[in-house]
Participant: 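This structure is in C-alpha cells; I'll ask about it shortly.
A, B, ... follow the sequence lines: proteins, then strands. Residue 1 opens every chain. Both backbone and side-chain heavy atoms feed into the values below; hydrogens, waters and symmetry mates do not.
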Protein chains: 2
Amino acid sequence: MGRPMRVINKIRSLRFAADEMTQAELADRVKVTRQTIIAIEQGRYSPSLEMAFQIAKVFRVPLDEVFQYPDEDA
Amino acid sequence: MGRPMRVINKIRSLRFAADEMTQAELADRVKVTRQTIIAIEQGRYSPSLEMAFQIAKVFRVPLDEVFQYPDEDA
DNA sequence: ACTATATGTCAAAGAAACCTTACATTAGAG
DNA sequence: CTCTAATGTAAGGTTTCTTTGACATATAGT
C-alpha cells in the first residue's frame, strides 16, 4: 500500500513548450534555487503551495495543469 | 517589502456551506490533526500541495476555489 | 582540445510544515 | 448550573521542503 502518494507534474514538458526555458531560468523566475527545480521536476518531493502557484503563473496556465493529484483509491 | 506572501483560503466558509462540517471532521477526512486545520484555516502557514488537493476534494471543488494566490504586483 | 551551457548528484544545514499533548474559552443542551 | 462539543493557544519534537556549495557528465561551439 501507501507509496509516497505525491503529486505529479508536467514541468519538464511545459519548459520545453515555453521556448525551451532552462531549469536555471525557471528557478530564477520562481525565485528558488536550481536544486529545488530539479528535485520538484523529478518528483523527489512536492513543492509548497506558493511555489506551485508561482510555477503555474510562469507558464501562464492554471495550477492543476501543472500538478495533478493521483486518484488515491486503488 | 515582502510580507509573508501566503496563499489565502476559503476553508471556513466552505465548511459552513458543507452542512457546518467541523474542523475535527475535516481533519479526519484529510487525515491530518485538528491543529493543522486550525493553523491552515487561520493562515498561520500554508498547507502542502497534497493537503491542498485533499481539502479541495473533500469539498468537491477545484483547488483554486479553496486557495488563492494574492497578486504579488507591487 | 578547450570552453561554456545545461543537467544531474551528494551532503549538510536551515526553515517551514505537521504532530502530540495538554489546557483554556465559548456556546448550546439538559 | 453542569456537561459536552467546537474552537483556540502553547510548547517541544519529527518530517519535509529549501538552500548552499562542491563536483560530475554530456553536448554544442570555437
Participant: What contact category does A/L49 fall into here, base, sugar-phosphate, or nothing, at under 4.0 angstrom with non-hydrogen atoms?
Facilitator: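 Since no nucleic acid heavy atom lies under 4.0 Å of A/L49, the category is nothing.
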Participant: To the nearest Å, give me how far apart CD (B/E41) and C1' (C/dC18) are.
Facilitator: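 Distance check: B/E41 CD to C/dC18 C1' gives 17 Å.
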Participant: Side chain of A/I38 only, heavy atoms from C-beta on: which candidate in D/dT19, C/dC18, C/dG8 is closest?
Facilitator: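 Nearest to the side-chain atoms of A/I38, counting from C-beta on, is C/dG8.
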Participant: Hey, does the side-chain of B/R44 have a donor or acceptor N/O within less than 3.5 Å of a partner on the base of D/dG8?
Facilitator: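 When only heavy-atom distances are counted, B/R44 does not reach the base of D/dG8 through any donor-acceptor pair under 3.5 Å.
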Participant: Using a 3.5 Å distance criterion without hydrogens, assess whether the side chain of A/R6 forms a donor-acceptor pair with backbone atoms of A/R44.
Facilitator: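 Confirmed, A/R6 side chain pairs with A/R44 backbone.
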Participant: Once you round it to whole Å, what is the distance between P of D/dG8 and CD1 of B/I37?
Facilitator: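 From B/I37 CD1 to D/dG8 P: 12 Å.
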Participant: Between D/dT7, D/dT19, C/dC19, which one does the side chain of B/V32 approach most closely?
Facilitator: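 Closest of the options to the side chain of B/V32: C/dC19.
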Participant: Nearest of D/dG8, C/dG8, C/dC19 to any side-chain atom of B/Q23?
Facilitator: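 In terms of side-chain proximity for B/Q23, the closest of D/dG8, C/dG8, C/dC19 is D/dG8.
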Participant: Output the rounded distance in Å from CG (A/L26) to P (D/dT18).
Facilitator: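 Rounded to whole Å, this separation is 13 Å.
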Participant: Of all the choices, D/dT18, D/dT7, C/dT9, which nucleotide is nearest to the side chain of A/Q42 once you look at every atom?
Facilitator: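 Nearest listed nucleotide: C/dT9.
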Participant: Give A/T22 one of three labels, base, sugar-phosphate or nothing, depending on what nucleic acid heavy atoms sit under 4.0 Å from its own.
Facilitator: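 Here A/T22 touches the backbone only, sparing every base.
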Participant: Measuring only between side-chain heavy atoms, which start at C-beta, is B/Q23 closer than 4.5 Å to B/R12?
Facilitator: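 The answer is yes, as the side chains (C-beta and beyond) meet within the 4.5 Å cut-off.
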Participant: Just by modelled atom types, is the B/L63 backbone N or O under 3.5 Å from a matching donor or acceptor in the A/D64 side chain?
Facilitator: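 Not a single qualifying donor-acceptor pair exists.
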Participant: Starting the side chain at C-beta, find the nucleotide from D/dT18, C/dC19, C/dG8 nearest to B/T36.
Facilitator: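 For the B/T36 side chain, the nearest candidate turns out to be C/dC19.
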Participant: Rounded off to whole Å, could you give me the OH-to-P distance for the A/Y45 and C/dA16 pair?
Facilitator: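 Whole-Å distance recorded here is 15 Å.
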Participant: Got a second to check how far B/I37's CD1 is from B/R29's CZ, nearest 0.5 Å?
Facilitator: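 B/I37 CD1 to B/R29 CZ: 11.5 Å, rounded to 0.5 Å.
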Participant: Report the distance from atom CE of A/M51 to atom C1' of D/dT18, rounded to the nearest whole Å.
Facilitator: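 These atoms are roughly 9 Å apart.
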Participant: On DNA chain D, does the nearest nucleotide to B/S48 precede the nearest nucleotide to B/R34 from the 5' side, or the other way round? Give the residue.
Facilitator: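 On the 5' side of the pair lies B/R34.
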Participant: Give the intermediate values and the outcome of side-chain contact (heavy atoms from CB on, under 4.5 Å) for residues A/L26 and A/I11.
Facilitator: CA-CA 10 Å; A/L26 177 55; A/I11 297 182; 3.7 Å; yes
Participant: With a 3.5 Å cut-off and just heavy-atom distances, do the side chain of B/Q35 and the base of D/dT9 make a donor-acceptor pair?
Facilitator: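 Yes, a donor-acceptor pair under 3.5 Å.
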Participant: Can you measure A/I55 atom CD1 to D/dT18 atom C1' for me and round it to whole angstrom units?
Facilitator: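 Checked: the CD1 to C1' distance equals 13 Å.
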Participant: Send over the distance from B/I11 CD1 to D/dA6 C1', rounded to a whole Å.
Facilitator: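 Going from CD1 in B/I11 over to C1' in D/dA6 covers 16 Å.
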Participant: Answer yes or no: does a side-chain N or O of A/S46 lie under 4.0 Å from OP1 or OP2 of D/dT16?
Facilitator: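 No.
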Participant: With a 4.0 Å limit, can you tell me whether B/R12 has a side-chain N or O closer than that to the phosphate oxygens OP1/OP2 of D/dG8?
Facilitator: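 It does, given that an N or O in the side chain of B/R12 lies less than 4.0 Å from OP1 or OP2 of D/dG8.
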Participant: Could you check how far CD of B/E50 sits from P of C/dC19, rounded to whole Å?
Facilitator: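 From B/E50 CD to C/dC19 P: 13 Å.
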